[in-house]
Amino acid sequence: MFNSYADSYAHFGIHEEMLKDSVRTGSYRSAIINNPHLFQGKTVLDVGCGTGILSMFAAKAGAKHVVGIDMSNIIDQAQKIIEANGFKDKITLVKGKLEETELPFPEFDIIISEWMGYFLLYESMLDTVLLARDKYLKKDGLIFPDTATLYLAAIEDQDYKEEKINCDFFVRSHLWDNVYGFDYSCIKDIALREPLVDTVEMKAVVTDPCLIKHIDLLTAKKEDLTFDVPFSLTASRNDYIHAFLAWFDISFECTHKKVKFSTGPHSQYTHWKQTVFYTPTTMVVSEGDKVTGRLTCAPNARNNRDLDIEITYQAGAEASNTIHYKIYERPC
């Protein structure tokens with residue numbers, strides 16, 4: 001499974017998409033380059049270094065030495081990029097899994113990493129960052145970024161569904177009832193349990209957001225990434241609810257001038273987009289109504305880079321519903 005995961009990140013198209021994400025890359029650049037007082041003369045560990053962009057930011061900010069580690073073959077190209085930009089003596093790249101690899105320094109002043117996935121935790125790379133923290137970070141060391149917050153809201157998406165979902169042939173809707181004249185309705189339930197990663201317009205959001213998970217990377221434990229939390233959403237207008245919507249915010253709290261960005265529908269586009277969890281029935285809400293429930297999240301037992309998510313919800317006096325979802329790696 002790890003080989004499949006590593007191989008998927010060897011394709012430059014994935015890195016191109018991330019590099020072109022100006023919110024993502026620009027935020028890291030601002031947090032690092034604009035805080036040279038934090039990096040001057042320091043040793044830095046870049047976990048999951050990819051093409052080396054964060055490592056070069058750190059070197060440019062004055063780091064004494066940067067070690068970048070990645071288990072993907074993209075690191076071979078990263079080495080060429082590092083050398084082409086004159087950082088050969090300042091940046092050392094190591095290929096392998098952090099858990100199994102010996103690094104050239106016993107400890108580091110700063111850890112930098114772009115570990116976030118869809119729904120924040122998909123791909124479970126945060127586990128590796130926490131391991132790096134416990135094994136290599138000096139006392140009072142810094143982590144970039146150091147705070148992540150996950151949010152949930154509800155959306156009305158009848159028009160959105162018609163545009164974004166029903167335009168595809170194999171869909172999660174009534175089209176399963178007639179596939180070239182055959183009844184595929186038994187697939188509906190399975191299809192519903194696959195969250196959709198896509199951009200949602202702010203006008204589709206019909207409730208206030210609810211914070212469902214806050215992660216402090218300086219203190220979080222691996223066990224904290226499995227959680228069961230309550231939520232309460234307040235309807236902001238009279239409307240219908242067809243799905244729940246999740247996104248996350250990232251913050252570099254240790255910087256002199258706080259750097260943060262959001263992947264929510266109210267913010268500029270990022271490659272993480274938002275995660276949509278469709279409900280089997282439509283909820284009717286009036287302004288001020290509450291939609292309450294619980295959300296559980298855990299790594300999948302067979303592949304811990306996948307996520308199993310369960311949402312139990314109730315709108316007003318309606319009966320409660322429980323839906324099991326799975327975010328998993330899809331073959332190309």
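This chain uses plain numbering: 1 for the first residue, then up along the sequence.
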Trainee: Is there a side-chain contact between Tyr122 and Val197 (heavy atoms, below 4.5 Å)?
Mentor: no

Trainee: So how far is it from Thr322 OG1 to Ile311 CD1, rounded to the nearest 0.5 Å?
Mentor: 10.0 Å

Trainee: Would the number of heavy atoms belonging to other residues, nucleotides or ligands and lying under 6.0 Å from NZ of Lys203 be above 12?
Mentor: no

Trainee: Ile110 and Ile33: same hydrophobic cluster, using ILVMFWY side-chain contacts below 4.5 Å?
Mentor: yes

Trainee: Could you check whether any side-chain N or O of Asp146 sits under 3.5 Å from a backbone N or O of Glu253, counting only pairs where one atom can act as donor and the other as acceptor?
Mentor: yes

Trainee: Restricting to pairs with a member in residues 63-97, which pass ring-ring contact (aromatic ring centres under 6.0 Å, His included), not counting sequence neighbours?
Mentor: His65-Phe105

Trainee: Looking at CG of Asp289 and CD1 of Ile241, how far apart are the two atoms once the value is rounded to the nearest 0.5 Å?
Mentor: 8.5 Å

Trainee: If you count the non-hydrogen atoms of other residues, nucleotides and ligands that lie under 6.0 Å from OH in Tyr269, is the total more than 12?
Mentor: yes

Trainee: When you measure from the side chain of Glu123 to the backbone N and O of Gly117, does any donor-acceptor pair fall under 3.5 Å?
Mentor: no

Trainee: Between Arg294 and Thr312 (side chain of the first, backbone of the second, donor and acceptor by atom type, cut-off under 3.5 Å), is there such a pair?
Mentor: no

Trainee: May I ask you to check whether over 12 heavy atoms, not counting those of Lys60, lie within 6.0 Å of atom NZ?
Mentor: no

Trainee: Assess whether side chain to side chain contact (heavy atoms under 4.5 Å, CB included) is satisfied between Thr51 and Gln77, documenting all intermediate values.
Mentor: CA-CA 7 Å; Thr51 60; Gln77 298 303 315; over 6 Å; no

Trainee: So, do Tyr278 and Tyr325 have ring centers that fall under 6.0 Å from each other?
Mentor: no

Trainee: Below 6.0 angstrom between ring centroids: does that apply to Phe244 and Tyr313?
Mentor: yes

Trainee: Is it true that Glu223 and Lys221 make a salt bridge, defined as a side-chain N closer than 4.0 Å to a carboxylate O?
Mentor: no

Trainee: Is there a path of hydrophobic side-chain contacts, each under 4.5 Å between heavy atoms of I/L/V/M/F/W/Y residues, joining Tyr240 to Phe277?
Mentor: no

Trainee: Where do Pro209 and Ala153 come nearest, in terms of heavy atoms and distance?
Mentor: CA-CB, 4.2 Å

Trainee: Determine whether the side chains of Glu318 and Gln314 contain a donor N or O and an acceptor N or O closer than 3.5 Å.
Mentor: no

Trainee: Using a 4.5 Å cut-off on heavy atoms from C-beta on, say whether the side chain of Glu310 contacts that of Thr296.
Mentor: yes

Trainee: Check this for me: His256, atom NE2, are more than 12 non-hydrogen atoms of other residues, nucleotides or ligands nearer than 6.0 Å?
Mentor: no

Trainee: Could you label the plane-to-plane angle of the Trp272 and Phe261 rings as parallel, tilted or perpendicular, counting under 30° as parallel and over 60° as perpendicular?
Mentor: parallel

Trainee: What are the two closest non-hydrogen atoms of Trp115 and Leu120, and how far apart are they?
Mentor: CH2-CD1, 3.6 Å

Trainee: Could you grab the distance from atom CG of Leu295 to atom CZ of Phe231, nearest 0.5 Å is fine?
Mentor: 6.5 Å

Trainee: Check the pair Ile215, Phe248 against side chain to side chain contact (heavy atoms under 4.5 Å, CB included), reporting the backbone distance first and the verdict last.
Mentor: CA-CA 11 Å; Ile215 300 174; Phe248 61 88; over 6 Å; no

Trainee: Contact between Trp247 and His266 at the side-chain level, heavy atoms closer than 4.5 Å - yes or no?
Mentor: yes

Trainee: Count the heavy atoms of every other residue, nucleotide or ligand shown that sit under 6.0 Å from CZ of Arg193, and state whether that count exceeds 12.
Mentor: yes

Trainee: For the residue pair Pro145 and Tyr28, establish whether any side-chain heavy-atom pair is separated by less than 4.5 Å.
Mentor: yes

Trainee: Working to the nearest 0.5 angstrom, can you tell me the gap between Leu130 CG and Leu218 CG?
Mentor: 10.0 Å

Trainee: To check you understand the geometry: which heavy-atom pair defines the closest contact between Ala315 and Met283, and what is its length?
Mentor: CB-SD, 3.7 Å

Trainee: Under 3.5 Å, is there a donor-acceptor pair between the side chain of Asp208 and the main chain of Ser236?
Mentor: no

Trainee: Which atom pair, heavy atoms only, marks the closest approach of Asn238 to Glu287?
Mentor: OD1-N, 2.8 Å

Trainee: If you draw a 6.0 Å radius around NZ in Lys138, do more than 12 non-hydrogen atoms from other residues or ligands fall strictly inside?
Mentor: yes

Trainee: State plainly whether one hydrophobic cluster holds both Leu131 and Ile143, where clusters connect Ile, Leu, Val, Met, Phe, Trp and Tyr through side-chain heavy atoms under 4.5 angstrom apart.
Mentor: yes

Trainee: Going through the distances and angles, do Phe252 and Ile112 end up as a side chain to side chain contact (heavy atoms under 4.5 Å, CB included)?
Mentor: CA-CA 11 Å; Phe252 301 80; Ile112 57 177; over 6 Å; no

Trainee: Of the options Asp249, Thr270, Thr149, which is the one that meets Ser262 in a side chain to side chain donor-acceptor pair (under 3.5 Å)?
Mentor: Asp249

Trainee: Ignoring hydrogens, what is the shortest heavy-atom contact between Ala78 and Gly52? Give both atom names and the distance.
Mentor: CB-N, 4.2 Å

Trainee: Determine yes or no for a side-chain-to-main-chain donor-acceptor pair under 3.5 angstrom, with Lys95 supplying the side chain and Asn73 the backbone.
Mentor: no

Trainee: Check whether any side-chain heavy atom of Pro230 lies under 4.5 Å from a side-chain heavy atom of Thr292, and answer yes or no.
Mentor: no

Trainee: Can you measure from CD1 (Ile82) to NZ (Lys88) and round to the nearest 0.5 angstrom?
Mentor: 12.0 Å

Trainee: Can you tell me if Lys260 has over 12 outside heavy atoms packed within less than 6.0 Å of its NZ?
Mentor: no

Trainee: From the options Leu142, Asp109, Ile32, select the one residue that forms a side-chain contact (heavy atoms from CB on, under 4.5 Å) with Leu38.
Mentor: Leu142

Trainee: At their closest point, which heavy atom of Leu152 faces which heavy atom of Leu233, and how far apart are they?
Mentor: O-CD2, 3.4 Å

Trainee: If we ignore hydrogens and angles and just use 3.5 Å, is the side chain of Asp46 paired with the main-chain N or O of Ser55 as donor and acceptor?
Mentor: yes

Trainee: Are the side chains of Lys326 and Asn300 in contact, using a 4.5 Å heavy-atom criterion?
Mentor: yes

Trainee: I'd like to know whether Leu45 forms a side chain to side chain contact (heavy atoms under 4.5 Å, CB included) with Thr43, so could you lay out the CA-CA distance, the side-chain angles of the two residues, the decisive distance to 0.1 Å, and finally the verdict.
Mentor: CA-CA 7 Å; Leu45 174 60; Thr43 53; over 6 Å; no

Trainee: Could you check whether any side-chain heavy atom of Ile81 comes within less than 4.5 Å of a side-chain heavy atom of Met56, counting everything from C-beta outward?
Mentor: yes

Trainee: Answer whether the closest heavy-atom distance between the side chains of Ser267 and Val23 falls below 4.5 Å.
Mentor: no

Trainee: Looking at CD of Glu114 and CE of Met116, how far apart are the two atoms once the value is rounded to the nearest 0.5 Å?
Mentor: 4.5 Å

Trainee: Is a side-chain donor or acceptor of Lys213 paired with a backbone partner of Asp224 at a separation under 3.5 angstrom?
Mentor: yes

